[in-house]
Amino acid sequence: MPAFPDFSSNHYPYFSRRSAVYARRGMVATSQPLAAQAGLEVLQRGGNAIDAAIAAAAALTVVEPTANGIGGDAFALVWHGGKLHGLNASGPAPQSMSADKLTRAGLKEMPKYGALPVTVPGTPSAWAAMARRFGKLALTDSMAGAITLAREGFPVSPMVAHAWQVAQQNFRREFKEPHFQPWFDTFCIDGQAPQAGQLWRSAGHAATLQAIAEDGAESFYRGALADKIAAFLQQAGGYMQASDLAAFQPEWVDPIGVNYRGYDVWEIPPNGHGMVALMALNLLKAYDFSERDTLTTYHRQIEAIKLAYADGLAHIADPAHMKVTVEQLLSDAYADERRKLIGPRATLPVAGDPSRGGTVYLCTADAEGNMVSFIQSNYMGFGSGLVVPGTGIALHNRGNNFTLEAGHPNVLAPGKRPYHTIIPGFMTRNGQAVGPFGVMGGFMQPQGHVQMVMNTVDFGLNPQAALDAPRWEWEKGNKVSIEHTTAEHLFRGLGGLGHEVAWSGNQLGFGRGQIIWRNDEGVLCGGTEPRTDGCVAAW
């Protein structure tokens, strides 16, 4: 077979435009075309939006391992039967692990890599729970496409290849211990990360997906795979026991929301930080925004996010350990008090006291009215850097979000879930589904949610335009990154208000989103992320 002509898969010197996608019978929006196609094929074989979400999610562990894997966590918002359901499939710290043990060992903070930040992975349990409660197909049917991709291989897409190569360079510098070698054995070809268009396959990954599909993830939590995971983590210096995996169950939860100009915006409750987006929207709803690209709009958005994050980082944790309630943080009275801190210039964010008054994202929809907002992640790209030998299970590092500070609501403790950055979003109006949306990308996610909601509700942008629009990201203090496509007068104007702004050309740094909206006639309209290999598959 002849080689491709000599070109770069990540060089696009000329303007390109995507149109919003319309369809009636079904839609799957993901960050990778083959995963979107896997979901669409399930819809066309008689599955529903839930089956399609499982198909796309399982496929993404294969075709975008740079952001998620079998050994990660997941959250979902599922519209089914005229009601929105929430699923929290994030796992806890091992029962034998504590902040005291780590601090006595000399640690001052949670590490990024290795066995210590690995909490119980929840992703396989999410697939099984969704299929049992709402799916029409068996997991062996919905996951068949992902299994084939892993077994037979697939040509790596451009942005995934870029992220893969960056990870390999980083891991070669960081990882010297032998327990990191399985990552290189699994994810490198002849010692190198794959290039765009190069075929990558993993027989171990395929076998693990097959096992999960056949027994509904029982082997992952209470069988041979669980034993392999626990044994490997103990050899790597971790605390995970097979009993930690066996005890885990995902949790169906009631979504939390706020009303923003007639639209109800929904998120998963803590330990996820979707509440940061809701708190920011609560602050912003008191202002009138007539234009998107003005200095006042940017300034108020950034200041609202800073205040919401100050509260989120101070108060959000495993809900059993929080010292304030969701209701207190989302109350209009608290928002009114906090809004007084938004002035004409940038300010340093400080947490308030409401007790006085974190990836791949996908969304699906079907002709029956079902819709799914789904997100799963290994965190920090490939996660902990640990891969259970021969299984394709790349283990996440969500425990890195714990603090070791005694008395903090988010301090590491046995059996406790960490503060979590992955958040699916959903909008309804007058009790009817508008649709799922999300923007993956660590601590960018609530900021992306706020920008997507405002692009839609305040500024009337269609799903594709809402995702195309330039983004900003507050980092810390008064530091803000501005996407290079932002108008220069906004960049300079924000600097004049005291924001420490910096241009950024990092495409992956501003999150990667998907949106599907439904109208009263059941017509679907979707948009996909232009900053990555995104795709809307529809029929």
Side-chain angles (χ1 to χ4, degrees), residues 58 60-73 91 94 111-125 143 146-147 149-154 156 164 167-168 170-194 199-215 217-246 248 378-399:
L60 281 166
T61 69
V62 182
V63 299
E64 197 171 346
T66 52
N68 77 125
I70 302 171
D73 277 348
K112 288 182 180 180
Y113 304 118
L116 294 180
V118 179
T119 51
V120 174
T123 290
S125 75
M143 293 175 61
I147 294 165
L149 286 166
R151 184 176 60 245
E152 297 182 1
F154 76 98
V156 176
W164 212 319
Q168 183 215 350
N170 178 47
F171 286 1
R172 288 218 178 275
R173 289 193 304 269
E174 294 276 351
F175 299 160
K176 306 302 180 185
E177 297 90 341
H179 51 253
F180 290 114
Q181 184 58 39
W183 185 91
F184 297 96
D185 297 339
T186 303
F187 291 111
C188 290
I189 302 172
D190 297 326
Q192 299 297 320
L199 292 175
W200 179 81
R201 59 178 58 86
S202 172
H205 198 119
T208 296
L209 290 176
Q210 185 71 48
I212 291 169
E214 288 177 354
D215 67 10
E218 277 300 304
S219 62
F220 189 93
Y221 293 101
R222 287 163 282 277
L225 287 173
D227 291 339
K228 288 181 180 180
I229 294 167
F232 177 65
L233 284 171
Q234 290 167 36
Q235 291 170 9
Y239 291 82
M240 188 81 69
Q241 305 284 329
S243 57
D244 293 308
L245 291 153
F248 176 71
N378 270 11
Y379 198 42
M380 298 183 185
F382 280 95
S384 66
L386 296 180
V387 178
V388 182
T391 68
I393 300 172
L395 294 163
H396 64 171
N397 58 340
R398 279 293 162 184

Margin query: Closer than 3.5 angstrom, by distance alone: can the side chain of N378 be matched with the main-chain N or O of G69 as a donor-acceptor pair?
Written below: yes
Checklist line | Check: A230 main-chain N/O paired with Q241 side-chain donor or acceptor under 3.5 Å | finding: no
Margin query: Just verifying a value: how many Å separate Y239 OH and T119 OG1, rounded to the nearest 0.5 Å?
Written below: 15.5 Å
Item checked: Option among H396, R398, K112 that satisfies the side chain to side chain contact (heavy atoms under 4.5 Å, CB included) test with M380 -> K112
Checklist line | For A211 against L225, the heavy-atom pair lying closest together | finding: CB-CD1, 4.2 Å
Next item on the list: Would you tell me whether E64 and N68 have side-chain atoms, one donor and one acceptor, within less than 3.5 Å of each other?
Entry: no
Margin query: Minimum heavy-atom separation for K176 and R172, please, with both atom names.
Written below: NZ-O, 3.0 Å
Next item on the list: Measure across F220 and L245 and return the closest heavy-atom pair with its distance rounded to 0.1 Å.
Entry: O-CD2, 4.3 Å
Note to self: Can you tell me how far apart CZ (R201) and CZ (R151) are? Round to the nearest 0.5 Å.
What the structure shows: 11.5 Å
Check: In Å, rounded to the nearest 0.5 Å, how long is the span from CD of Q181 to OG1 of T186?
Finding: 9.5 Å
Margin query: Is any side-chain heavy atom of P124 closer than 4.5 Å to one of I70?
Written below: yes
Checklist line | Minimum heavy-atom distance between N397 and G383, given as atom pair plus value | finding: OD1-CA, 3.4 Å
Note to self: side chain to side chain contact (heavy atoms under 4.5 Å, CB included) for Y113 and N170? Distances and angles first, verdict last.
What the structure shows: CA-CA 12 Å; Y113 304 118; N170 178 47; 3.1 Å; yes
Note to self: Whether the side chain of T123 engages the backbone of G72 through a donor-acceptor N/O pair (distance < 3.5 Å, no angle test) should be reported.
What the structure shows: yes
Item checked: Separation of F154 CZ from S202 OG (nearest 0.5 Å) -> 10.5 Å
Check: Measuring from D227:CG to R222:CZ, what's the distance to the nearest 0.5 Å?
Finding: 12.0 Å
Check: Counting distance only, does the side-chain N/O of Q168 pair as donor-acceptor with the main-chain N or O of G191 below 3.5 Å?
Finding: yes
Checklist line | Sidechain-backbone polar pair: H179 side chain, L386 backbone, donor-acceptor under 3.5 Å | finding: no
Notebook entry, point to check: Who pairs with E177 by side chain to side chain donor-acceptor pair (under 3.5 Å), at least two apart in sequence or on another chain?
Noted result: none
Checklist line | Nearest atoms (heavy-atom pairs only) where W183 meets C188 | finding: CZ3-SG, 3.8 Å
Next item on the list: Assign the ring pair W164 / W200 to parallel, tilted or perpendicular, where the plane angle (0 to 90°) is split at 30° and 60°.
Entry: perpendicular
Notebook entry, point to check: Measuring from F171:CZ to F180:CZ, what's the distance to the nearest 0.5 Å?
Noted result: 8.5 Å
Note to self: So does T391 get a backbone contact from the side chain of T208, meaning a donor-acceptor N/O pair under 3.5 Å?
What the structure shows: yes
Item checked: Closest approach of A206 to I147 (non-hydrogen atoms, all atoms of both residues) -> CB-O, 3.8 Å
